[in-house]
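Please read the structure below before turning to the comments.
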Number of protein chains: 2
Amino acid sequence: MDGAAKAAHELAIVPEGMIADLLTRDAAFDAVEKVFAAMAAGDAYNFPVVREAIGHEDALYGFKGGFDRAGGVLGLKAGGYWPHNLDRRGLINHQSTVFLFDADSGRVKAMVGGNLLTALRTAAASSVSIKHLARKDAKVLGMIGAGHQAKFQLRAALETHAFERVIGWNMHPEMLPGLAQVADEMGLPFEAVDLPGLRDADVIITITSSFAPSLMAEHVSPGTHLACMGTDTKGKQEVEAALLARATVFTDEVAQSVTIGEAQHAIGAGLIGEGDVSQVGAVINATHPGRTSADEITLFDGTGVGLQDLAVASAIVDVAVARGIATVVPV
Amino acid sequence: MDGAAKAAHELAIVPEGMIADLLTRDAAFDAVEKVFAAMAAGDAYNFPVVREAIGHEDALYGFKGGFDRAGGVLGLKAGGYWPHNLDRRGLINHQSTVFLFDADSGRVKAMVGGNLLTALRTAAASSVSIKHLARKDAKVLGMIGAGHQAKFQLRAALETHAFERVIGWNMHPEMLPGLAQVADEMGLPFEAVDLPGLRDADVIITITSSFAPSLMAEHVSPGTHLACMGTDTKGKQEVEAALLARATVFTDEVAQSVTIGEAQHAIGAGLIGEGDVSQVGAVINATHPGRTSADEITLFDGTGVGLQDLAVASAIVDVAVARGIATVVPV
């Protein structure tokens with residue numbers, strides 16, 4: 001207590017409403033690329049995930065923590081999914097907050113609104129995979145899914161690579177104009193296609209909450225890079241398992257990929273083994289060759305890890321503190 | 001994002017330095033007693049504990065979360081043990097912070113310094129067990145252990161029950177004057193004893209970080225209540241396993257008691273089964289008879305659960321907000 005009394009310190013708070021002005025897609029991309037590299041180098045690791053159906057408001061709540069020794073970033077994202085928020089309270093259903101701790105002393109040092117941050121770090125992950133795994137001459141971007149997160153994915157992908165055209169499919173085609181608008185903002189044509197139409201795509205991003213595959217192996221041409229971003233739970237599935245057997249498979253974290261990610265089905269069916277799934281960070285670090293031919297299908301299984309949240313939150317705090325706009329409170 | 005923008009809300013912060021003035025032992029006792037009752041009634045539960053040796057500063061870091069549906073309390077304590085804090089930084093080695101969330105919406109609503117709070121909630125747990133399990137005519141309190149936390153335990157016990165005398169043993173007897181001082185403050189005599197001397201005690205609190213038992217079954221008289229508060233990790237042990245076979249065993253949470261609590265050894269040796277360990281909350285709720293004779297030995301295995309932290313933190317926030325002294329920040 002003596003120690004605590006004499007050692008009041010400061011907490012930097014960056015509220016949700018400030019994130020849009022502070023976090024550029026470039027900064028999110030850089031933070032996620034760096035932390036994927038640190039994970040593959042063994043300098044950063046994620047803690048076991050806690051995820052609980054709390055039996056109230058049908059909410060899922062939990063914690064994703066981690067430590068990046070290279071970046072000195074320690075903490076967690078806490079929050080979850082409150083499915084009735086929008087209807088009952090006019091709030092978005094995904095609610096989360098990131099807390100950062102001083103790795104030298106264990107004291108809390110920052111709190112960052114996690115809602116927009118989560119959307120941008122998820123979009124950054126597929127973009128990182130596109131930079132490191134797609135063909136340099138890729139021209140057509142295909143989208144599966146057209147919800148809220150799909151627009152973040154599309155914007156980030158179009159800023160990462162010089163695509164010439166966007167095509168898209170969604171279970172509910174009436175939502176596709178949302179994607180067309182984003183493409184238009186970026187000066188690109190958009191075309192709604194049926195699933196076989198995805199054969200024209202050089203890169204495909206899947207971002208749905210599906211429990212059955214929509215994209216089949218026959219819908220994917222040789223040389224395509226896929227970023228499967230929607231599967232983060234046992235049972236969810238976006239693409240046919242056979243596609244993973246045909247592809248060179250990468251992920252953010254192998255342990256999640258093979259249990260709750262898109263790879264769970266190909267693993268379960270014995271089509272691939274855990275050893276067939278590589279960290280995308282190894283490609284960033286050049287310890288894995290990545291794509292080795294123009295005909296190779298590459299697939300990134302983006303499951304989402306706490307370290308992405310921490311890395312992006314840490315970058316936000318640095319900017320907010322440097323600009324003097326964080327709320328700083330003695331604690 | 002529209003939802004987030006239009007729905008800025010407030011975070012209440014109660015810094016560590018404010019806790020000593022806000023948290024009475026009575027309030028800690030009431031909060032812990034209530035949440036033990038809620039746990040036994042199935043209205044409150046703890047999440048899986050995350051505890052990581054992060055490979056930096058020899059620190060242990062993690063999260064203890066839970067949800068008390070009855071009290072509407074949701075959140076976690078984050079932090080851990082930084083063994084070099086005192087030497088290197090003049091800070092206490094145990095560092096933690098409690099975060100509370102709105103169970104209806106998933107938004108963060110409070111942050112509370114967790115250091116003193118942890119000491120007081122741990123002391124409150126043994127006191128709750130003394131109130132509900134010790135003989136009403138208990139006169140002599142025995143202490144095993146004389147460190148920082150032992151003083152908290154002693155103070156809380158002396159406020160809970162009208163003891164007439166305190167006796168104590170510690171591996172390092174030169175620390176016992178710390179206990180004598182607390183007893184003296186409460187107007188009671190203190191006597192240092194050897195382990196067989198503990199046979200005079202009606203209630204014994206063990207609060208050490210030992211990996212081998214010091215208190216043996218032969219040191220404990222019929223009718224004694226024991227509160228074993230030090231064992232929270234695989235391998236730690238304060239009392240001889242045979243003592244648990246002779247006692248009626250209670251705990252805060254059975255799953256922790258039998259794996260990382262004092263009961264792990266008696267369970268491992270086959271002396272008792274998991275079914276022999278009952279929740280102290282069941283005694284509070286009168287669904288378990290508790291002590292049934294003056295000769296019965298009762299033993300409370302206090303392992304420490306996240307819900308204790310959340311309950312006490314929630315009570316602190318209520319008081320701080322009511323008095324208008326919490327730091328309130330829009331987030």
Side-chain angles (χ1 to χ4, degrees), chain A residues 1-8 11 13 15-17 19-20 45 47-50 52 54-57 59 61-63 65 67 69 72 74-76 78-82 85-86 88-97 99 101 103-108 111 113 115-116 119 327 329-331, chain B residues 1-8 11 13 15-17 19-20 45 47-50 52 54-57 59 61-63 65 67 69 72 74-76 78-82 85-86 88-97 99 101 103-108 111 113 115-116 119 327 329-331:
Chain A
M1 272 183 301
D2 302 344
K6 77 174 163 224
L11 170 78
I13 300 174
E16 184 64 42
I19 307 296
Y45 79 109
F47 303 159
V49 173
V50 174
E52 296 286 320
I54 62 170
H56 178 76
E57 288 279 334
Y61 175 77
F63 321 126
F67 179 46
R69 200 174 296 113
L74 174 70
L76 76 151
Y81 185 66
W82 263 253
N85 263 3
L86 189 59
R88 295 179 185 169
R89 286 167 204 93
L91 297 175
I92 60 173
N93 293 345
H94 283 99
Q95 290 286 342
S96 63
T97 311
F99 304 98
F101 286 72
D104 292 338
S105 72
R107 300 197 297 185
V108 63
M111 190 188 112
N115 301 349
L116 177 57
T327 306
V329 181
V331 289
Chain B
M1 269 184 305
D2 300 344
K6 78 174 160 222
L11 171 77
I13 300 175
E16 183 64 40
I19 306 296
Y45 80 109
F47 303 159
V49 173
V50 174
E52 297 284 321
I54 62 170
H56 179 75
E57 288 280 334
Y61 175 76
F63 322 126
F67 179 45
R69 200 174 295 113
L74 174 71
L76 76 151
Y81 185 66
W82 263 254
N85 263 2
L86 190 60
R88 294 180 185 169
R89 286 168 204 91
L91 297 176
I92 61 174
N93 293 346
H94 282 101
Q95 289 288 340
S96 64
T97 312
F99 304 98
F101 286 72
D104 291 338
S105 71
R107 300 196 298 185
V108 63
M111 189 186 116
N115 301 349
L116 177 57
T327 307
V329 181
V331 290

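Each chain gets a letter, A, B and so on, in the order the sequences are listed, and its residues count up from 1. Both backbone and side-chain heavy atoms feed into the values below; hydrogens, waters and symmetry mates do not. Since we're looking at a predicted model, the values are computed, not measured.
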Quick check for you: among [options], which has the greatest number of heavy-atom pairs under 4.5 Å with chain A?
| options | answer |
| --- | --- |
| L76(B), T97(B), L86(B) | L76(B) |
| G65(B), P48(B), A103(B), G79(B) | A103(B) |
| P15(B), G106(B), G55(B) | G106(B) |
| I13(B), L74(B), T327(B) | L74(B) |
| A78(B), P330(B), S96(B) | A78(B) |
| D104(B), V329(B), V50(B) | D104(B) |

Q) Which one of N85(A), L11(A), I54(A) has the most heavy-atom pairs closer than 4.5 Å to chain B? A)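 With the most close heavy-atom pairs to chain B, the winner is I54(A).
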Q.
Working to the nearest 0.5 angstrom, can you tell me the gap between F67(A) CZ and H56(B) NE2?
A.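 That separation rounds to 5.0 Å.
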Q.
Using 30° and 60° as the class boundaries, would you call the ring planes of F101(A) and F99(B) parallel, tilted or perpendicular?
A. perpendicular
Q: State, with a plain yes or no, whether a side-chain heavy atom of V331(A) is found less than 4.5 Å away from one of M111(B).
A: yes
Q) Is any side-chain heavy atom of E57(A) closer than 4.5 Å to a side-chain heavy atom of S105(B)? A)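 Result no, sub-4.5 Å side-chain heavy-atom pair not found.
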Q) Measuring heavy-atom distances to chain B, does Y81(A) have an atom under 4.5 Å in its side chain, in its backbone, in both, or in neither? A) neither
Q | Toward chain A, the part of A59(B) with a non-hydrogen atom under 4.5 Å | A |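 For A59(B), neither part sits under 4.5 Å from chain A.
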